[in-house]
Amino acid sequence: MARGGIDHQLLIFRRQYLQIFEPDFLAWPPKQLLRDADVQSWLYKRLFNDEVHSYLPSGRYQLRVLKPLLAKIEKAIEDPNEDDISDDLMKHLSFLMSSDLPSEGTAVQQRSYVTFTTLPPDSSLAADTTSEPTLTLLERRNLISGSLTTGFRTWEAALHFGSYLLSANGESLIKGKSVLELGCGTGFLSILCAKQLEASHVTATDGDQGVVEQLKDNLFLNDLDDGTKVYSSVLKWGHGLKGTWVEDDFDEHPYDTVIGADIVRTF
């Protein structure tokens, strides 16, 4: 472990894991860390212990990561008399393998928790994970609904836009402002604005009723479900707005900033 805090390589690995990176793309910690008993204890506690983190990735994803992690730990051990593999990690592997987990094909269609670390782009790495701001969503990472919406997962455009909004220039567009989001999908940007960037009010809209219904779960996960800070509803583009809820919402919370990510396509 790094002196005075957690090694940044472990923090990056944990962030990617909670964001459900494909195992092949995870930044795996180096051998000298993996063989350390304290590091293995930290990995179990922060990645696999649901008493520490309430919204862990699915059991199927945990298994896909834990198997290669243990293989890498085993290869990292140079002296079996001096180094060992964590009992907690081994026990968790046994638990997962004996559990009635869904198949890979079924698992990718199910909703799972995805946790994003929402640090400003110019911030230094935090010394501990407890001080890092996060945002947790329930997503269907590989599902496009029957209406052909892509709104059940957070896409790269929203993450890049979120990174900009976390900058000093971006924050100035949100803090203390009334925000309207078009095509909110999972609600990543709307929740970021309301939870961390101190928007006075956020109206989150999407053209798909099913997406808006599932957004309610994500508002709940981030303590924004009481309706005072965030209002969500269906908004169909090209339809008249006069006499609709939009007119009433604008009268009560005149929009200062309108945002949208990955909502316009050119062919």
Side-chain angles (χ1 to χ4, degrees), residues 1-104 106-108 110-119 123-139 141-142 154 218 221-222:
M1 304 286 270
R3 184 175 299 176
I6 308 302
D7 191 287
H8 75 279
Q9 295 172 97
L10 296 177
L11 294 178
I12 290 171
F13 180 64
R14 180 179 183 268
R15 292 170 190 165
Q16 293 177 343
Y17 167 81
L18 292 176
Q19 200 174 317
I20 315 188
F21 275 41
E22 281 298 308
D24 287 344
F25 297 104
L26 289 169
W28 297 91
K31 290 181 178 181
Q32 65 269 24
L33 287 177
L34 290 178
R35 71 170 68 101
D36 188 301
D38 290 338
V39 168
Q40 293 181 37
S41 177
W42 185 90
L43 288 169
Y44 169 71
K45 184 177 180 181
R46 297 295 182 181
L47 274 65
F48 303 106
N49 189 341
D50 58 10
E51 293 182 0
V52 174
H53 196 295
S54 301
Y55 304 123
L56 290 174
S58 68
R60 175 58 65 183
Y61 179 77
Q62 291 183 43
L63 185 60
R64 292 179 62 209
V65 172
L66 185 53
K67 278 185 174 182
L69 175 62
L70 287 170
K72 290 176 184 294
I73 292 174
E74 187 175 9
K75 287 183 178 180
I77 292 175
E78 295 177 343
D79 185 351
N81 294 320
E82 294 290 333
D83 303 315
D84 205 352
I85 300 178
S86 162
D87 286 340
D88 286 331
L89 290 175
M90 292 299 296
K91 288 177 182 177
H92 193 61
L93 176 66
S94 297
F95 167 74
L96 291 173
M97 293 187 69
S98 62
S99 299
D100 185 22
L101 298 177
S103 66
E104 289 282 359
T106 301
V108 297
Q110 295 177 336
R111 291 203 293 171
S112 58
Y113 294 113
V114 185
T115 298
F116 301 89
T117 301
T118 52
L119 289 168
S123 67
S124 59
L125 290 166
D128 193 1
T129 54
T130 57
S131 63
E132 292 186 336
T134 60
L135 186 159
T136 298
L137 305 175
L138 266 172
E139 299 191 1
R141 302 287 280 177
N142 293 279
T154 300
N218 290 335
L221 289 174
N222 293 278

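Counting from 1, the numbers follow the sequence of the chain as shown.
- Once rounded to the nearest 0.5 Å, the distance linking CE of M90 with CG of L66 reads 8.5 Å.
- Taken from NZ in K31 to CG in D36, the straight-line distance is 16.0 Å, to the nearest 0.5 Å.
- Contact of the L221 side chain with the L137 side chain is not registered, since no non-hydrogen atoms from C-beta on lie closer than 4.5 Å.
- Taking a 6.0 Å sphere around CD of Q110, one finds it holds more than 12 heavy atoms contributed by other residues, nucleotides or ligands.
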Under the criterion side chain to side chain contact (heavy atoms under 4.5 Å, CB included), I'd like the reasoning laid out for T154 against V114: C-alpha separation, chi angles, the key distance, then a yes or no.
CA-CA 9 Å; T154 300; V114 185; over 6 Å; no
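- Contact of the M97 side chain with the K67 side chain is registered, since non-hydrogen atoms from C-beta on lie closer than 4.5 Å.
- With hydrogens and angles ignored, the 3.5 Å screen pairs a side-chain donor or acceptor of Q40 with a backbone N or O of D84.
- A heavy-atom distance below 4.5 Å is not found between the side chains of R46 and Y17.
- Side-chain atoms of D83 and I73, non-hydrogen and from C-beta on, never get closer than 4.5 Å to each other.
- One distance of note links CZ of R14 with CG of L26; it measures 13.5 Å at 0.5 Å rounding.
- Side chains of Q62 and D50 form no contact here, defined as non-hydrogen atoms less than 4.5 Å apart.
- Considering only heavy atoms from C-beta on, L63 comes within 4.5 Å of R60 through its side chain.
- Annotation: the span from L47 atom CG to L56 atom CG amounts to 8.0 Å, rounded to 0.5 Å.
- Rounding to the nearest 0.5 angstrom, the gap separating the CD1 atom in I85 from the CG atom in L69 is 9.5 Å.
- Looking only at side-chain heavy atoms (C-beta outward), V39 and P29 stay at 4.5 Å or farther from each other.
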H53 vs L18, side chain to side chain contact (heavy atoms under 4.5 Å, CB included): CA-CA, chis, key distance, verdict
CA-CA 10 Å; H53 196 295; L18 292 176; 3.8 Å; yes
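- E51 is linked by a side-chain contact (heavy atoms from CB on, under 4.5 Å) to N49, counting only residues two or more places apart in sequence or in another chain.
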Should Y113 and L138 be marked as a side chain to side chain contact (heavy atoms under 4.5 Å, CB included) after you check the CA-CA gap, both sets of side-chain angles, and the distance that decides it?
CA-CA 5 Å; Y113 294 113; L138 266 172; 3.7 Å; yes
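- From L11, atom CG reaches atom CH2 of W42 across 5.5 Å, with rounding to the nearest 0.5 Å.
- Q32 approaches R35 most closely through the heavy-atom pair CA-NH1, 3.5 Å.
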Begin from the C-alpha positions of L135 and T117 and carry the test side chain to side chain contact (heavy atoms under 4.5 Å, CB included) through to its verdict.
CA-CA 7 Å; L135 186 159; T117 301; over 6 Å; no
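- In this structure, L89 and L93 have side chains that are not in contact, with every pair of non-hydrogen atoms separated by 4.5 Å or more.
- Taking the six-membered ring where tryptophan is involved, the planes of F48 and H92 are tilted, since the angle between them lies from 30° to 60°.
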